[in-house]
Amino acid sequence: MDIAIIGSGYVGLVTGACFADVGHNVICVDNDEEKIKTLQAGRLPIYEPGLEEIVHRNVSAHRLHFSSSIREGVDKSHIIFIAVPTPPQPNGDVDLSFIEKVSREIADVLTDYRVIVDKSTVPVKTGERVAETIKRYNRHGAKFDVVSNPEFLREGCAIHDLMHPDRVVIGAQSQHAVDLMKKVYEPFMAPVLVTGINSAELIKHAANSFLALKISYINAISAICDASGADVDKVADGIGMDRRIGRQFLNAGIGYGGSCFPKDVAAFIHIGEQLGVPFTLLKEVQRINAGQKERFLKLIRDTLWVLREKKIAVWGLTFKPDTDDVRSSVAIELVDTMLREGAHVTVYDPKGMEKARELKAIADAKFAASALEAVDGAEALVIATEWNEFANVDLTALKRRMTTPIVFDGRNLLNPDTMGELGFHYHSIGRASIIPR
Ligand code: UDX
């Protein structure tokens with residue numbers, strides 16, 4: 001199939017590369033000319049494991065192209081995917097101006113039948129608006145169908161998620177559009193769910209909010225574990241072995257972050273309010289998530305007494321491992337708060353340093369070249385992201401390089417027994433603290 005993807009961010013680029021890899025002809029379009037030049041020069045504007053190889057392979061095979069022209073994308077393709085940002089507005093509403101603008105631009109150059117597929121996460125009923133807009137601005141009276149095809153990929157394992165989806169959701173009104181979409185996804189051999197457009201749009205917000213709810217649920221339990229001496233990891237194992245519940249997304253920690261969950265939960269609450277159906281359960285999910293970071297900070301303050309002038313190392317800046325993304329990262333919020341309270345903070349992250357350096361909030365932090373360099377002379381170490389590199393660190397060297405070996409593990413990455421045996425003062429989430437006598 002000939003496919004255009006409008007918007008070459010995480011979702012657009014990964015989708016385009018994977019579609020090309022299964023044999024489709026793909027043009028990835030973006031209005032950021034610098035980004036397109038970077039891609040045309042064979043470099044990637046983002047880090048995602050495995051993506052570079054797939055992009056290079058398909059560019060060489062002439063199946064993957066980059067362009068800054070929507071006209072070129074629409075002219076050369078049967079199916080046009082929209083994968084542009086839908087950022088939150090201060091009032092929780094979703095900013096749909098990029099979707100609206102792209103819809104007008106498609107309308108402007110649309111002369112023959114095309115399927116316009118929305119892949120961006122949008123409020124229910126957006127598809128209706130897209131269809132109205134294209135109809136209104138299209139001077140050629142061209143026929144088209146609008147489809148909703150939400151994306152469920154996770155950063156860090158996006159290629160795997162796209163190549164082996166649990167399900168493909170196709171929300172459409174016309175059978176012809178459904179048939180074309182099924183052809184696009186045929187090579188992936190995934191279960192397909194066909195729905196109306198509104199249901200497909202709702203599935204995305206409902207799925208992400210449910211996953212956020214799962215995380216807040218286990219985080220609320222971690223507070224009960226802290227108060228009662230139970231172990232949250234064991235509780236998660238025990239409830240997760242029930243197949244109706246499942247162990248995934250039951251890892252307690254300092255809360256969820258990233259460009260999806262915080263935004264999507266807020267948007268879903270707002271959508272409910274606009275439809276006259278307040279979704280108060282999700283407000284509690286947000287409250288627990290924010291509270292988890294505060295509980296962690298309180299633990300740090302209670303242990304260190306005063307943060308002012310303390311040398312604190314922070315491992316991890318990205319919102320989760322295997323990505324360079326620091327957007328809405330709880331790690332960044334922690335560093336920001338500790339800096340404001342007068343601590344001297346040294347940070348290290350395997351992939352997130354470049355993007356973190358651009359953030360004003362943590363401009364006063366020192367950036368170390370390695371995990372062990374970051375802890376040189378530190379009075380405490382905070383683990384904020386569960387990178388493998390930190391799990392495999394030489395713990396004896398870690399202890400030797402710290403002034404006082406106090407570790408706050410916000411992701412339950414290390415083993416409390418091992419930390420105790422090595423003489424660390426070790427705190428984690430929802431598990432008993434190890435305090436040397
Ligand atoms: C998420 C959804 O998983 C994906 O389906 C959707 O398309 C986009 O949003 P992503 O934001 O990339 O993907 O990351 P994810 O792996 O879901 O993690 C989100 C946040 O939740 C991270 O901050 C992570 O640390 C946190 N998390 C996840 C937990 O705190 N505990 C868990 O058990 C799982």
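Position 1 is the first residue of the sequence; numbering continues from there. Below, all heavy atoms of this structure are taken into account, side chains as well, without hydrogens, waters or symmetry copies. Numbering of ligands and ligand atoms starts at 1, following listing order.
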Discussion item. Is it true that Gln292 and Ser222 share a donor-acceptor pair across their side chains at a distance under 3.5 Å?
Written reply: yes

Practice prompt. Applying ring-ring contact (aromatic ring centres under 6.0 Å, His included), name anything that partners His205, two or more places apart in sequence or on another chain.
Written response: Phe268

Worksheet item: Could you give all pairs that pass the ring-ring contact (aromatic ring centres under 6.0 Å, His included) test and reach residues 232-257, with sequence neighbours left out?
Response: Tyr256-Phe261

Fill in: Parallel, tilted or perpendicular: ring planes of Phe408 versus His427, cut at 30 and 60 degrees
parallel

Worksheet item: Do the ring centers of Trp315 and Phe390 come within less than 6.0 Å of each other?
Response: yes

Discussion item. Going by salt bridge (charged side-chain N to carboxylate O under 4.0 Å, His left out), name the pairs with one or both residues in residues 354-371, residues two or more places apart or in two chains.
Written reply: Asp324-Lys355

Fill in: Residue contacts for ligand 1, heavy atom to ligand atom, distance under 4.0 Å
Glu151, Phe152, Leu153, Arg154, Glu155, Lys204, Asn208, Ile215, Phe249, Leu250, Asn251, Tyr256, Gly257, Cys260, Phe261, Phe319, Lys320, Arg411

